[in-house]
Structure formats: structure tokens, C-alpha cells
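Have a look at the structure below, then the notes.
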Amino acid sequence: MKYNPTYALILFFIISGVLYVLFRPAKGWFWIIKNNFKSNEKIVTEDILKQLYHFENSGNKVDTKTLLQVLDFNNNQIIEVVKKMTINDLIYFESDVLKLTNAGRDYALRIVRIHRLWERYLADKTGFSKEEWHDRAEMMEHKLNHDETNTLAAHLGNPKFDPHGDPIPTKTGKVAEVHGVELPLLPVNSIGRITHIEDEPEIIYKQILAENIHMGSLIRVVENNATRIVFLSEGEEFRLAPIVAANLTVAPIEKEIIIEDNIARLSSLKEDETAIITGISKESRGESRRRLLDLGFVKGATIKIDLINPLGEPNAYLIKGTSIALRKDQAAKILIKKD
Amino acid sequence: MANKNIDHILELSNELRWQIGDEFHDNLTEGIYADAAQIVSDTVQVDESKKRFRLDRQIDKIVTSKVFGFPIMFLILATVLWLTIIGANYPSSLLAQLLLDTFHPILKTGVAAINMPWWLSGFLIDGVYLAVAWVIAVMLPPMAIFFPMFTLLEDFGYLPRVAFNLDNLFKKSGAHGKQALTMTMGFGCNAAGVVATRIIDSPRERLIAIITNNFSLCNGRWPTQILIATIFIGAVVPSTFSSLASLLAVIVIAVLGMAFMFGTSWALSKTLLKGQVSTFNLELPPYRPPRFWKTIYTSLIDRTMIVLWRAIVFAAPAGAVIWLISNIYIGNESIAAWAIDSMNGFGFLLGLNGVILLAYIVAIPANEIVIPTILMLTVLVTGIDGGAGAGVMFELDSVNATGDILKAGGWTLLTAINLMLFSLLHNPCSTTIYTIYKETKSVKWTVFASIMPVILGFIVTFLVAQIWRIVF
């Protein structure tokens with residue numbers, strides 16, 4: 001074939017198009033096919049156990065039909081695996097309803113343990129964004145064996161909760177309790193602390209992330225009706241639809257502690273104002289948190305704005321006689337009390 | 001018995017840990033910090049008037065202000081680059097005269113007098129010596145000017161303010177504001193730029209800065225850009241504007257490099273590097289009068305000499321290779337001619353030619369010798385007059401004469417533009433590659449940082465060549 005620049009160009013775009021379809025992140029055909037090859041019996045078994053465990057915890061009953069709906073596998077394969085699992089004494093039928101045997105529950109707990117530990121690991125030791133934690137943990141939960149899990153747990157300091165506030169089952173299968181109720185159940189004017197942010201379904205979780213709601217924040221409900229829930233937290237007002245708010249668990253605080261007054265996020269500090277740091281939010285984790293502490297952002301330190309950035313951020317803050325620049329999302333995780 | 005006890009204790013400790021809860025560790029750390037702060041405030045006396053004294057604040061207000069911040073920054077950067085490029089010309093030509101025009105002939109006559117075989121003298125003097133001399137002549141003066149100036153600004157405390165001003169731009173592409181500094185350092189020398197990324201303490205942003213540093217035109221590439229722009233770009237406009245046009249062309253290439261730097265940073269932070277830990281903090285230290293002589297001394301020793309030494313170590317074998325491929329024959333063609341022939345087709349597809357590709361392969365150790373190698377190879381394959389013999393790199397004093405040789409080699413405006421693009425987008429020199437390995441300690445990232453820019457270069461020159469041929 002004779003050289004022609006137009007053909008060369010067209011050929012180039014065809015090749016790059018094919019490569020894109022095959023290898024684009026996450027949705028590329030190559031990755032999908034690769035993952036499908038791996039969807040073996042073990043993964044199906046473990047996913048069924050996990051689903052049953054979650055249904056059991058929320059008090060729902062599951063028959064085979066619901067199971068086929070919630071799981072993303074070939075239906076025949078699921079039925080095949082369910083049969084095998086009954087033979088292996090992991091689950092049993094009570095008329096139509098599927099139930100976990102004790103052995104099955106133990107197995108399910110192990111999977112949940114790995115999932116939550118891995119989320120914890122991703123949160124503390126890597127830079128993956130929050131949206132990705134869940135999916136990555138879904139993959140990892142089928143890969144780690146018993147010893148690896150325990151090493152990981154020890155490496156992380158045997159944490160009790162995952163970054164969303166879900167309890168991590170211990171080696172022996174003990175599960176801590178999450179204190180609190182769903183946010184829509186709190187009456188107006190009650191005060192509480194956010195103890196859990198549910199990360200499923202993804203659409204709702206993304207909304208919560210977009211609102212910049214932080215784990216461990218103190219909140220006060222100011223409005224609660226069928227159309228919306230409004231609460232104050234760290235000097236800012238949040239409005240959520242009840243369906244979104246239901247994914248937040250809040251532990252009510254009974255005692256009248258003196259909180260809330262003047263508590264704000266550092267990002268809201270204005271020029272010429274001074275404030276005292278009251279703490280760093282739970283959302284600042286791992287390396288970032290340690291850096292902030294190292295630089296002197298500790299409880300009781302006085303802070304004020306040193307320089308305003310010409311492009312909006314980061315602003316420089318004067319703390320302990322040193323000028324340190326922080327980006328907005330970092331400053332939002334430092335809590336202050338304005339003078 | 002003892003075992004049982006230990007198990008019991010372990011169990012107890014786990015139980016207690018469970019009861020204390022997750023917050024314990026954080027609370028303890030914060031408590032220690034808070035206590036330390038309390039002790040300091042009780043015992044250390046601080047002269048309040050000295051805290052953040054007024055002059056500092058005034059300077060900061062100006063250099064980070066909306067109005068003056070950016071003009072000051074560009075002015076300083078432009079001055080540094082201008083002084084480097086213009087100021088380096090004189091010592092460079094002096095060194096070139098000394099090492100290339102004076103010493104080289106003396107050495108040649110010297111070895112002729114002791115009856116050294118031609119292949120040994122060619123290998124040692126035309127190959128190794130010439131490459132090393134070239135690298136020294138082109139590389140040493142700009143580095144000896146650029147690095148001290150840069151270090152003085154650093155020492156004075158201005159550079160962190162640049163990072164502060166620009167951070168928002170870099171944040172958008174997933175990078176750290178301090179990358180502005182390592183990028184600028186890269187304009188002097190990519191290897192030094194890679195070393196400078198040590199100032200970025202966040203692992204992800206540091207890797208980004210290392211991988212994208214190559215998009216800063218280093219001083220080994222500035223002369224190539226300027227020469228080619230003068231010969232080809234300057235020629236297409238009326239002669240009154242020719243120097244302006246060629247200057248603009250070089251600036252466009254440099255700015256294009258920054259665009260690629262931002263784009264690649266963004267893509268990396270969203271894909272390959274998204275799992276790396278990312279933190280941010282930027283300290284703005286107080287200004288202080290630079291310690292002039294100490295700075296000059298350390299920047300010459302730490303930066304210039306180390307980089308130069310590495311460049312020499314890599315350039316010497318490159319010179320040998322260049323001489324060998326032009327003087328070893330397979331059949332009745334030299335290796336160089338064979339290689340050029342086989343790469344001509346691919347080169348044409350990219351709007352370049354086999355000579356350029358071969359020059360970039362043998363000149364991986366040092367971008368400084370690309371033009372001399374291209375000239376030598378062009379003369380070799382076209383058989384026109386000029387040059388100093390097979391395997392002997394040369395450069396011409398006259399820009400026009402250089403242009404004539406290149407045009408005889410079949411160069412067009414497209415070749416020139418694509419050479420400028422390829423000079424921007426190709427693998428880092430071997431000094432930089434080695435430095436990347438030393439800094440990352442990772443073969444994976446080193447290979448990636450070396451291959452990725454070449455692939456980008458192939459794609460960009462390919463696209464430009466096809467579109468050019470369709471349009472014109």
C-alpha cells in the first residue's frame with residue numbers, strides 16, 4: 001500500500017480507539033474479561049455469605065430469588081454454588097428462606113473483616129480517593145488468607161472501626177457495636193456525633209462526600225421533616241434529603257457539654273481573625289494527620305491567617321511563629337474556636 | 001507454663017486495647033504535643049517584637065499580592081534564563097575554541113607524531129575526547145551561571161513564595177506547588193531538577209515531579225532549539241522579524257513543554273499514581289540575606305560539578321560509539337549508514353529522518369551533542385563537502401552554512417518543527433535516567449519516566465507530520 005497521510009492518520013485513530021476500548025481504566029474490555037475469568041466458585045460463595053450476613057444483620061429474610069437479584073453473577077452459577085454450600089453446611093433452607101449456619105457466619109465474618117480492614121488500610125496508608133475504597137476492598141476480600149489478614153490487622157494497630165465507622169470483626173469474630181441512630185430519627189435540637197457514614201449505594205455516598213460531611217463531627221439538628229433535614233456542624237449548615245440523611249448514623253450526646261459555640265473549620269477563618277485550635281477532624285488520616293501535628297497544629301495553639309493567596313488557595317497560616325500554607329480541604333479538617 | 005502466661009498477657013492486652021478504643025492513639029499523640037507546647041510557652045521566652053518582623057511581612061505582601069505577585073515572578077524567571085542563555089555564550093565559545101579548535105588539532109598532531117594507529121587515535125581523540133569536550137563546553141557555562149543564581153534565590157527565601165503563589169495551578173493537575181521550583185530547575189538541567197524534587201515530601205507529588213521534569217527544556221536543548229528556529233522558522237518571515245519569530249518559536253516550545261507537564265501530571269495523578277500517599281504542606285521560611293560566597297561555592301560543588309561529572313562519565317562512551325558506528329563497515333556501508341537507512345522509513349512517518357533518529361539514539365547520554373552528530377551523519381550519508389571526516393562531530397561557526405548542510409540533507413520546515421518538538425518530547429538523557437533511578441530506587445518508574453516521553457514525542461510528531469502533509 002502506498003503511503004498517504006490521510007490513511008496513516010485514520011489508521012492511527014483506529015488503533016488508539018481500539019487500545020482505549022480495551023485498556024481504559026476500570027471499564028476496559030481487557031480488565032472486564034480478566035475479572036470474569038477470576039469469578040470462580042470461591043468468590044461466588046464468599047459474596048453469597050456476605051450478602052446473607054448483611055441481610056441477617058438488618059433483619060431481612062432472603063430467598064433464592066432475592067439473592068439472584070442482588071448478586072452480579074450468572075444465575076445458573078449461583079444456584080449451583082448454593083447447592084454446594086448447603087452440602088458443605090455453610091447455609092441451610094428454612095422453607096424458602098436461606099439462613100447461615102454457624103460455620104457460614106464465621107466464614108462471612110472473616111470476609112467482612114478483610115473488607116473493612118482493607119478499607120482502613122486504603123484510608124490510612126494509601127492515597128486512593130474515598131470513592132474507590134469500597135470497590136478495591138471488594139476485590140481484596142477474596143485474596144487475603146487468614147495469616148495475611150492478621151498481619152495486616154497488626155500492622156494497622158488492630159483497629160476497631162473502618163473509615164466509614166463500621167466495626168471490624170476481630171480475629172475471634174467479636175464485633176463492636178456502633179452507637180447511634182439514623183439521622184432522620186433524631187428530633188430537632190438534639191446534639192450528636194456522626195459515628196457512621198454508609199458507603200452504599202454509591203450515588204448517595206457521593207452526595208455525602210460532595211457535602212463535605214466528616215466522620216466524628218458534632219452536629220445539631222435544626223430542622224427535621226419529611227422533605228429535608230438541616231443540621232449545623234462545625235460552623236456550617238448542611239441540608240440533606242431524608243434518604244441521604246438515612247445513611248448517616250449519629251450517636252446522640254445526652255450531657256450538656258459546652259460545645260458548638262464558635263466551633264468552626266479553619267477554612268472559614270478570615271483575615272485579621274485569630275482563633276484557637278480545638279482539634280483535627282477524624283477525616284484527616286495517616287501521613288497527613290501526622291504532618292499537621294508535627295507542624296504544630298495541636299489543641300490549644302493560636303492561629304491566624306498570615307497571607308492570602310493570589311489564586312485563592314492555599315492560604316498561609318501563622319502558627320507558633322511559623323508561616324505554613326495549607327490547602328482548603330486540609331484547613332476544613334482542622335477545627336478552631338474563634339476568639 | 002511460661003507460654004501460657006504470655007498468651008494470657010497478650011489476650012489481656014488485646015482486651016484492654018479493645019476497651020480503650022481507636023481514639024486512644026490519637027489522643028495520646030495530641031496530648032504529648034499539647035503538653036510540649038505548654039512546657040515551651042511556660043519556659044521559653046520569646047522576644048515578641050522579633051516575631052515576624054515588619055520587613056518580612058512587607059516583602060511577603062508584595063510578592064504574593066494579586067497585582068505584583070505574578071509579574072515579579074515572571075520577571076525574575078525571565079532574567080535568570082536570559083542571563084543564563086546570553087551570559088553562557090561567551091565562556092561557551094571560549095571553551096569551545098580552547099577544547100575543540102585548539103586542543104583537538106594539537107592532540108591529533110601529537111598522536112600522529114608517536115605513530116599511533118589511525119583507529120586508536122580516531123576512537124580516543126575523535127570519539128571519546130571530542131564528545132567529552134563538547135559536553136563540557138556546552139554544559140558547564142550555563143550551569144555555572146544558572147545554579148548559583150537559583151541557589152541565591154532559594155537561600156534568600158523567595159522560591160517558597162513562588163510555590164505558594166502557583167500551588168493552585170499545580171493542585172488542579174494533582175501536583176504540588178513546589179513542582180514549580182523543580183520544573184524551573186529543570187530548565188537548567190533535568191538531572192538537577194530531579195534531585196531538587198527532594199523538597200517535595202509527599203510521595204505521590206514527588207513522583208509526578210520526577211516523571212514530568214523532562215518536559216522542562218534543559219540547557220542542553222536550548223541551543224538546539226535556538227539554532228533550528230533561527231535557520232528555519234526565522235527564514236519564513238520577513239528578515240526584520242526573523243529574530244523575533246525564532247525567539248517566539250522557542251518560547252512556544254518551552255510553554256508547550258509546560259502544558260505537557262501539567263497534562264501528564266494530571267493524567268498520572270488520576271491513573272497510575274492515584275494510590276500513592278498524598279499530603280501537602282508548605283512552609284514559608286523567614287527571609288534572610290543570602291550567604292553569597294558560601295552559596296556560590298556549594299552550588300558549584302554540589303550541583304554543577306556532580307551533574308557535569310556524571311555527564312562526562314556518560315558522554316565518553318557515547319563519543320566512542322559515535323566514532324565506531326561511522327567507521328566500522330558491514331559490507332560496503334558503515335553501521336551508521338545501515339542504521340540510518342533502516343530508520344528512514346519510520347523517520348519519514350514522523351516528519352523526521354533516519355539521521356535525526358540515529359542521532360537521538362547515540363546522543364542519549366547528552367543532548368548537547370545532538371546537533372554536531374546530526375551534522376556529521378548528514379555529511380556522511382549525503383557525501384557533500386564539509387565536516388571533519390567520518391565519526392568526527394563538528395559544528396559550524398556560520399548559521400547559514402549549518403542550514404545549507406541540513407537542507408542538503410533533505411530538511412524542510414516540517415523537519416525543523418518536528419525536530420524542535422522531538423527535542424522537547426524524547427527520553428531524558430542518561431544522566432537524568434540514572435538520577436531518576438537513584439531518587440526513586442524503582443526500576444519500574446525509571447523505565448516509565450524514560451519511555452513515556454518518547455512515545456508522546458512519536459505521537460505528537462506523527463500527528464503534526466500527517467496534518468502538515470494533508471494541509472500543505
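Predicted model, so just to flag it, every value in this text is computed and none were measured. By convention in this document, chain letters (A, B, ...) are assigned in the order of the sequence lines, proteins followed by strands, and residues within each chain are numbered from 1.
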Legend entry - Considering all heavy atoms, the nearest N281(B)-R291(A) contact: ND2-CD, 3.5 Å

Legend entry - Under 4.5 Å from any heavy atom of chain B - which part of I168(A): backbone

Inset, instruction - Considering only heavy atoms, give the residues of residues 463-472 of chain B separated from chain A by less than 4.5 Å, sorted numerically, with 'none' for an empty result. - result: L463(B), Q466(B), I467(B), R469(B), I470(B)

Legend entry - Minimum-distance pair of heavy atoms, taken over all atoms of A325(A) and F164(B): CB-CD1, 3.7 Å

Legend entry - Under 4.5 Å from a heavy atom of chain B, the part of Y317(A) involved: neither

Inset, instruction - Look only at the side chain of N165(B) and the backbone of P310(A), and say whether a donor-acceptor pair between them is shorter than 3.5 Å. - result: no

Inset, instruction - Considering non-hydrogen atoms only, spot the tightest contact between T279(B) and S288(A) and give its length. - result: CG2-OG, 3.4 Å

Inset, instruction - Measure distances from S65(B) to the heavy atoms of chain A and classify the residue's part below 4.5 Å as side chain, backbone, both or neither. - result: backbone

Inset, instruction - Please look at K125(A) and chain B and tell me whether the side chain, the backbone, both or neither of the residue comes under 4.5 angstrom of a heavy atom of that chain. - result: backbone

Legend entry - Selection from E283(B), Q38(B), K274(B) maximising heavy-atom pairs under 4.5 Å formed with chain A: K274(B)

Inset, instruction - Check whether Q330(A) gets within reach of chain B through its side chain, its backbone, both or neither, counting any heavy atom under 4.5 Å. - result: side chain

Legend entry - Contact leader toward chain B among L295(A), T126(A), L311(A), where contacts are heavy-atom pairs under 4.5 Å: L311(A)

Legend entry - Neighbours of chain A found in residues 454-462 of chain B - heavy atoms under 4.5 Å: I459(B), F462(B)

Inset, instruction - May I ask you to name which of N315(A), D294(A), T170(A), D329(A) has the most heavy-atom pairs under 4.5 Å with chain B? - result: D294(A)

